[in-house]
Amino acid sequence: MQQTLTLYLQLPLFRRLKRNALFIMFIVHLLLYLLTLPVIMSLSDDDDISYHRSPLLLNTQGGLNTQNGEVEPAVKALEARQDEIMRKLYELKAAVEGLAKTVTTPDADLDLTVSSSSSLSSQSPTSTTFRGTTDLDALLGKDLGALRDIVINANPAQPPLTLLVLHSVLCQRYRVLSTVHVHSSASSVPPQLLSCLGPRHPDSYARQMFQLGFTLIWKDVPKLQMKFSVQNMCPVEGEANVARFLFKLLSPYPSDPAVATLVDSWVDTAFFQLAEGSSKERATVLRALNAALGRNPWLAGPEFSLADIACYCCVLQSASASSAPTNVQRWIKACENLGHFGPAKLYLK
Amino acid sequence: DGEFSAKRASTALPRCLLLPLADNKQKTDRVLVRVQDLIPEKADQLIWLRARVHTSRAKGKQCFLVLRQQQFNLQALVAVGDRASKQMVKFAANITKESIVDVEAFVRTVEQKIESCSQQDVELHIERIFVISQAEPRLPLQLEDAVRPDGDGEEEGRATVNQDTKLDNRVIDLRTTTSQAIFRLQSGVCQLFRDTLTEKGFVEIQTPKIISAASEGGANVFTVSYFKTSAYLAQSPQLYKQMCICGDFEKVFCVGPVFRAEDSNTHRHLTEFVGLDIEMAFSYHYHEVIDSITDTMVRIFKGLRDNFQTEIQTVNKQFPSEPFKFLEPTLRLEYTEAVAMLHEAGVEMGDEEDLSTPNEKLLGRLVKEKYDTDFYVLDKYPLAVRPFYTMPDPNNPKYSNSYDMFMRGEEILSGAQRVHDAQLLTDRANHHQIDLEKIKAYIDSFRYGAPPHGGGGIGLERVCMLYLGLHNIRQTSMFPRDPKRLTP
């Protein structure tokens with residue numbers, strides 16, 4: 001029972017099937033399981049025992065003691081079985097809750113490579129394992145035998161939440177060496193910003209063992225800046241643009257240009273109007289978000305994208321989460337269920 | 001210009017005088033104030049002051065003097081009036097530059113700021129002036145010339161002073177505001193080094209400088225005659241630092257002279273300099289040593305940034321440079337990354353080749369461009385280019401557990417984990433074809449249980465030079481020694 005349940009939860013193919021059918025199948029299984037309970041309980045010949053009532057309410061002690069007051073071994077065995085059943089019931093409850101979350105949260109796969117024009121067509125379309133170094137070579141240039149270090153200069157007064165979220169997703173996909181530095185120009189950096197990329201990796205003494213470096217420098221800069229290859233690239237400025245760069249390391253932009261443009265426009269809206277705009281602009285954006293989320297589970301359609309990450313972080317930063325309209329609230333909960341956004345909430349304190 | 005008595009003075013005592021040398025025979029209660037304390041709040045007070053005459057210029061019935069104490073100066077005025085006669089004004093105008101004088105004067109505020117002095121809002125109106133120590137009239141160099149930035153001199157026809165002249169007459173050159181600032185900062189570096197390490201539990205040791213065997217290879221040692229034999233001047237305290245570690249001191253540092261008989265006449269080599277050396281035993285990984293050293297350096301930089309801004313600004317007036325930038329924790333790159341960065345920039349070099357000086361400078365520029373830091377560590381050097389006592393990398397025999405640290409693209413520290421096993425040390429020495437007899441004492445120190453340890457040493461003058469962005473190490477060495485200079 002447990003195994004089929006976890007299997008259902010893991011196989012991505014099944015996520016694509018009709019969810020209702022899956023849920024119905026599960027309910028049927030659950031009922032069958034519950035129906036088998038009285039078979040286990042029937043060992044006792046006391047008519048008071050019934051599976052309609054919680055086993056904890058059974059007053060077994062009073063009715064089944066022997067004449068000399070000791071507990072019969074059969075009673076002990078029964079108690080043990082009751083505990084076992086309770087444990088299984090709690091496990092089931094947790095599994096059902098998890099499944100409920102998955103059912104209510106729309107699809108959010110970053111691991112499917114749907115792009116037909118990508119150079120990874122040799123892999124099967126449903127491959128979900130993380131991309132290896134070949135992808136990084138295609139995206140970042142030839143591997144010269146040294147750590148590919150992405151350097152981000154950020155102002156401690158405006159921590160870039162989107163980039164922290166993207167960093168945690170990147171860490172799940174690649175072996176990333178993350179370091180945080182404070183530049184001599186920054187006067188005082190609060191301690192939670194010093195540990196915002198998580199604990200130091202135990203292998204951090206050997207830099208060449210990592211595929212990517214993520215170096216965050218808290219510095220007195222007017223605008224967030226990213227430097228990667230000093231010879232071939234000029235610095236990338238602005239949280240939106242750096243987010244686009246980092247997202248491309250995870251998943252390609254949608255191949256449909258209309259959808260790609262939509263994602264881009266949401267990202268810009270997030271950074272320019274949600275995070276930096278006046279309260280009137282923010283209200284307008286929230287209404288637009290509401291309208292868009294009424295039609296689709298995610299902002300850019302059926303797929304989770306950078307637009308969702310950016311808008312979620314900016315909504316959180318502008319502290320308008322509690323006053324948002326219903327679709328937006330539902331979408332916020334869905335984002336939180338995905339688990340990538342833990343860092344964002346932490347660093348807002 | 002001997003004694004002179006004022007004609008209309010109410011007292012019979014002279015008002016300006018060349019005091020004889022033996023005059024300092026009584027202690028008085030007279031309190032001398034400091035020039036830097038003379039601010040508008042002290043206006044109309046009568047004070048005594050001892051300072052040097054920076055300049056004196058007569059103009060009709062007045063004589064303007066600029067009195068200087070270290071890096072502070074202010075304007076003083078002797079005017080013909082009921083307190084001073086014409087002869088007194090003439091006396092003041094004839095005081096030679098750099099003479100030391102005692103003045104009694106009133107502090108007065110001025111309407112227009114005196115731009116050329118450090119005390120811009122006040123001036124002194126002199127009542128009495130006495131010459132304590134007279135300077136010769138012809139000075140080998142003029143202080144204004146010595147402080148003038150190099151570019152200015154050529155344009156306006158005003159002279160700047162050649163570095164050799166400055167070094168030959170160091171006594172006068174040290175009086176300039178720039179020199180005062182540089183050496184105060186250097187004193188600060190030394191003090192921060194000691195304080196930081198003492199706080200971390202290090203013990204200061206002093207190591208011998210007359211030694212029996214050359215520690216780093218025989219070519220660059222000075223030989224001294226030692227009774228019936230000869231001895232050498234120590235090239236580095238390496239050997240003795242390690243012996244202290246084997247003697248269970250765990251963490252030691254020493255500050256002392258280092259003698260290198262290198263015949264290089266460059267902007268960054270001296271034959272004698274002050275070495276700040278560190279050695280420590282570590283628990284599990286030699287990166288503990290790197291972290292300790294870089295933390296010390298960062299604390300020194302922060303201490304200089306926070307407490308010595310006046311000195312840094314003063315030096316920048318004559319030698320403009322970019323402020324020194326650093327990251328905390330210090331950036332650590334690996335040698336392979338450095339080679340990759342240089343390859344990307346078009347430099348051709350082998351993977352196990354040492355970095356040449358131009359490559360080091362280029363690498364410094366590339367690192368500055370990407371990370372915006374003037375200070376970084378380069379870790380895991382190839383084994384082939386390091387001395388025989390460097391511990392090889394256990395994971396990759398081509399590389400070693402050694403590191404260099406750079407400031408503004410120039411190397412300031414070379415360090416490593418040392419080989420602490422006598423057998424391995426013997427093997428490595430044989431590999432480098434070193435005569436085992438000459439280093440027997442060294443190898444013997446590791447035979448009786450030696451903890452894993454590592455360390456490194458920096459040069460005080462070089463660190464100051466690079467921190468301030470200067471271009472010649474002789475500017476940061478008070479009495480420099482190089483192949484061509486032995487005095488002063």
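Chain letters run A, B, ... following the sequence lines, proteins first and then strands; every chain starts at 1.
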B:Leu327 and A:Val182: side chain to side chain contact (heavy atoms under 4.5 Å, CB included), yes or no, with the steps? CA-CA 5 Å; B:Leu327 295 177; A:Val182 175; over 6 Å; no
Distance check, rounded to the nearest 0.5 Å: B:Asp374 atom CG versus A:Ser184 atom OG? 8.0 Å
With a 6.0 Å cut-off (strictly less than), is the heavy-atom count around NE2 of B:His285, excluding the residue itself, greater than 12? yes
Taken to the nearest 0.5 Å, the spacing of B:Lys370 NZ from A:Asp149 CG works out to 5.0 Å
Does the side chain of A:His181 come within less than 4.5 Å of B:Glu328's, by heavy atoms? no
Heavy-atom cut-off 4.5 Å, strictly under: side chain, backbone, both or neither for B:Arg305 against chain A? side chain
Check each atom of B:Asp291 against the heavy atoms of chain A and say whether the ones under 4.5 Å are side chain, backbone, both or neither. side chain
Please flag which part of B:Phe324 lies under 4.5 Å from any non-hydrogen atom of chain A: side chain, backbone, both or neither. backbone
Residues B:Tyr371, A:Asn153; criterion side chain to side chain donor-acceptor pair (under 3.5 Å); working and verdict: CA-CA 9 Å; B:Tyr371 297 91; A:Asn153 296 322; over 6 Å; no
Let me know if A:Leu147 has heavy atoms under 4.5 Å from chain B in its side chain, its backbone, both or neither. both
Could you list which of residues 342-354 of chain B have a heavy atom closer than 4.5 Å to any heavy atom of chain A, in residue-number order? B:Glu344, B:Ala345
Would you say B:Leu333 and A:Arg207 make side-chain contact, with heavy atoms under 4.5 Å? yes
Heavy-atom closest pair (B:Asp372 atom, A:Lys219 atom, distance to 0.1 Å) is OD2-NZ, 2.6 Å
Using non-hydrogen atoms only, which part of B:Leu331 is less than 4.5 Å away from chain A: side chain, backbone, both, or neither? both
Under 3.5 Å, side chain of A:Lys227 to main-chain N/O of B:Glu369, donor-acceptor pair present? yes
